[in-house]
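Report on one structure; see the data block that follows.
Proteins get letters first, then strands, A, B, ... in listed order; numbering begins at 1 in each.
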Amino acid sequence: MRASQFHLSTTRETPNDAEIVSHQLMLRAGLIRRLGSGLYTWMPLGLKVLRKIENIIREEMDRAGALEMLMPAVQPAELWEESGRWGKFGPELLRLTDRHNREYCVGPTHEEVITDIARRDLKSYKQLPLNFYQIQTKFRDEIRPRFGVMRSREFIMKDAYSFGIDAASLQESFDAMHIAYCAIFDRMGLDYRAVEADSGSIGGAQSREFHVLADSGEDAVVYATEGDYAANMEKAEAVCNDPRGEASLPMQTIDTPNVHTIDELAASLKVDATQCLKTLLVKGSDEKVPVVALLLRGDHQLNEVKAEHLPEVASPLTMADAELIRSTVQCDAGSIGPVGLNIPVIADANAACMSDFICGANTNAQHLTGVNWTRDLPEPIVRDIRNVIEGDANPKGNGILKIVRGIEVGHIFQLGDTYSKALDATVLDENGKPATLMMGCYGIGVTRVAAAAIEQNNDSAGIIWPLSIAPFEAVVCPVNMVKSDAVKEAAEKLYTELKDAGVDVLFDDRPLRPGAMFSDMELIGIPHRFVVSDKLLANNEIEYRGRSDSEASIIARDEVLAKII
RNA sequence: CGGGGUAUAGCGCAGCCUGGUAGCGCAUCUGCUUUGGGAGCAGAGGGUCGUAGGUUCGAAUCCUGCUACCCCGACCA
């Protein structure tokens with residue numbers, strides 16, 4: 001491709017509403033243009049990147065035996081009513097009405113459609129297992145789109161859905177996808193982790209998220225320093241190996257005026273937050289237990305997903321409001337404690353192994369010190385309800401937990417029979433009896449991968465594309481071609497040679513000064529750069545510089561192909 | 001949804017307080033010179049100042065409504 005005919009459109013200045021580096025660089029390099037909130041046009045240069053990402057995904061999905069198809073973006077409401085999601089899905093589902101007043105949504109995902117296909121098309125266990133996928137535009141009306149295509153409303157996703165006769169078959173499909181995903185992200189040259197994720201309300205089902213590691217990531221990824229344990233924050237298991245200390249202090253009531261938070265409590269008593277116990281009141285799961293107390297060590301944070309899964313706790317998790325707190329403990333939030341409570345008390349393991357601790361006295365402006373389990377209050381129910389913190393013990397063995405930031409680019413998940421049951425998708429099994437299909441779903445955010453790759457690979461000059469997803473693999477930069485026929489001829493020849501060798505090469509034939517040309521090519525992140533100039537030609541040489549090399553090197557003209565093939 | 005902010009040329013901004021008919025940098029176009037790290041000089045084009053109304057002799061500027069966009073928050077015991 002010749003740059004003069006490719007509409008490269010780079011800018012030196014950064015648009016002021018771009019917060020993170022990938023968004024800034026994508027705009028500056030001319031990969032994308034914003035149309036509206038969370039809506040982006042992919043320019044020719046950006047589309048080349050998307051196509052390369054898609055092709056890698058396609059090749060690996062095909063290799064894993066999945067079949068590509070294409071479903072409609074707009075879906076009838078009836079299907080969603082059948083699955084029960086028309087009512088459950090919140091405002092992020094974009095709903096619309098056609099001229100006949102029939103209701104539709106723009107698909108944020110395609111479980112309903114694919115399950116509908118399956119129930120109509122699949123009749124026998126002999127047709128299984130199957131895995132269908134598509135690469136298609138989705139729409140989710142995000143509360144707050146941000147970070148460019150990282151969290152946009154319209155985005156391109158690869159979604160796949162597997163169908164098996166039983167749980168074992170589902171597990172096989174799931175494992176095959178796990179392998180395929182690793183192959184995909186390996187080929188893209190990304191630093192990523194596959195982590196255990198919360199599997200929602202479906203018990204026993206497996207769920208893995210694939211995160212590209214980057215400091216700007218929106219998710220916390222937890223991994224163990226020894227062994228291969230890795231999980232996201234919702235799922236990461238918090239364990240407590242510390243023994244409970246002996247009770248050494250008597251329980252005392254102290255006045256604590258103007259103390260409402262753990263920080264204030266620790267500061268006023270000059271103790272560590274780890275000595276304080278935090279009591280949270282949440283709504284219970286039924287009318288008989290309207291309120292449940294959740295206990296955490298002062299420095300720990302509640303994990304809402306874990307709490308929500310507890311049978312005693314209402315789902316979705318709802319914090320008790322001021323009125324409910326008043327009627328339960330006769331004091332305000334900030335002075336609540338577990339001593340003398342006659343509601344279910346659920347403590348995190350670390351909270352349950354505290355001794356001589358400090359907590360609210362259930363009277364405003366008072367706290368208790370020297371509190372001890374068994375002696376002063378009954379043993380609590382112990383459950384994992386907190387977020388892990390850096391340095392926690394590895395729940396699966398030796399070592400400790402570390403926390404890094406990640407960008408979720410893929411998710412594989414065992415759906416089981418949730419949708420197949422709701423939509424009655426069955427096939428006949430070996431005994432001629434109807435069997436409900438076991439489904440898995442597997443997503444990759446195609447557009448997000450592009451942003452994540454930049455987030456992970458950039459420097460002050462611009463993007464540093466991994467070779468496999470770079471818009472061009474190499475660029476030929478002639479110096480002062482307008483004046484030198486020799487340079488023009490040599491550059492044309494090099495360009496043709498690279499092209500004929502199968503290299504996706506850009507020929508920067510624009511009449512630019514070298515500085516401007518180099519800056520542009522670095523901004524858009526082309527991995528290999530070859531410079532042709534009169535001086536170099538005199539010695540039959542070419543200058544080569546890899547995008548992440550600190551310096552250029554001079555190579556012989558006939559070493560060019562060997563350099564990159 | 002709550003709070004804050006912005007809207008002036010393609011992009012980044014000034015002008016607004018104190019009303020008098022719009023300017024700077026980058027980009028664009030023309031010419032000449034220049035050509036190994038975002039060139040110099042000379043010239044040119046481009047804006048219903050988000051939108052609707054109000055005040056005024058006169059509004060980018062003051063007032064009101066609307067719209068769009070951005071940021072922060074939605075863990076508090």
#### Entry: Watson-Crick or G-U counterpart of rC1(B), or none if no pair lies under 3.5 Å
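By the stated definition (distances under 3.5 Å), rG73(B) pairs with rC1(B).
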
#### Entry: Counterpart base for rC29(B), defined by Watson-Crick or G-U wobble contacts under 3.5 Å
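Paired with rG43(B).
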
#### Entry: Nearest-nucleotide 5' precedence on RNA chain B, E13(A) against G334(A)
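Taking each residue's closest nucleotide, the earlier one in sequence belongs to E13(A).
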
### Query
5'-most contact on RNA chain B: T14(A) or N387(A), nearest heavy atom basis?
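Here T14(A) is the residue nearer the 5' end.
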
### For W86(A), all residues meeting ring-ring contact (aromatic ring centres under 6.0 Å, His included), sequence neighbours excluded
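Applying ring-ring contact (aromatic ring centres under 6.0 Å, His included) to W86(A) gives none.
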
Nearest-nucleotide pick for [X], side chain only, options being [options]:
X	options	value
Q301(A)	rC71(B), rC75(B), rG38(B)	rC75(B)
S519(A)	rC75(B), rG38(B), rA77(B)	rG38(B)
A516(A)	rG38(B), rC75(B), rA77(B)	rG38(B)
P15(A)	rG12(B), rC71(B), rG37(B)	rG12(B)

May I ask you to say what [X] touches in the nucleic acid, namely base, sugar-phosphate or nothing, with a heavy-atom cut-off under 4.0 Å?
X	answer
R33(A)	nothing
D520(A)	base
R34(A)	sugar-phosphate

### Query
What string of B, S and - do you get for nucleotides 29-36 of chain B 5' to 3' if you count protein non-hydrogen atoms under 4.0 Å?
-----BBB

### Query
Is the shortest side-chain N/O distance from T11(A) to OP1 or OP2 of rG12(B) below 4.0 Å?
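So the side-chain polar atoms of T11(A) never come under 4.0 Å of the phosphate oxygens OP1 or OP2 of rG12(B).
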
### Message
Looking only at side-chain N and O atoms, does T261(A) offer a donor or acceptor that is under 3.5 Å from a partner on D263(A)?
### Response
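No, T261(A) and D263(A) have no side-chain donor paired with an acceptor closer than 3.5 Å.
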
#### Entry: Salt-bridge criterion met for R529(A) and E543(A) (N-O under 4.0 Å)
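Yes, charged N to carboxylate O under 4.0 Å.
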
### Query
Can you find a heavy atom in the side chain of E218(A) that is under 4.5 Å from one in the side chain of R151(A)?
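With C-beta onward as the side chain, the pair touches.
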
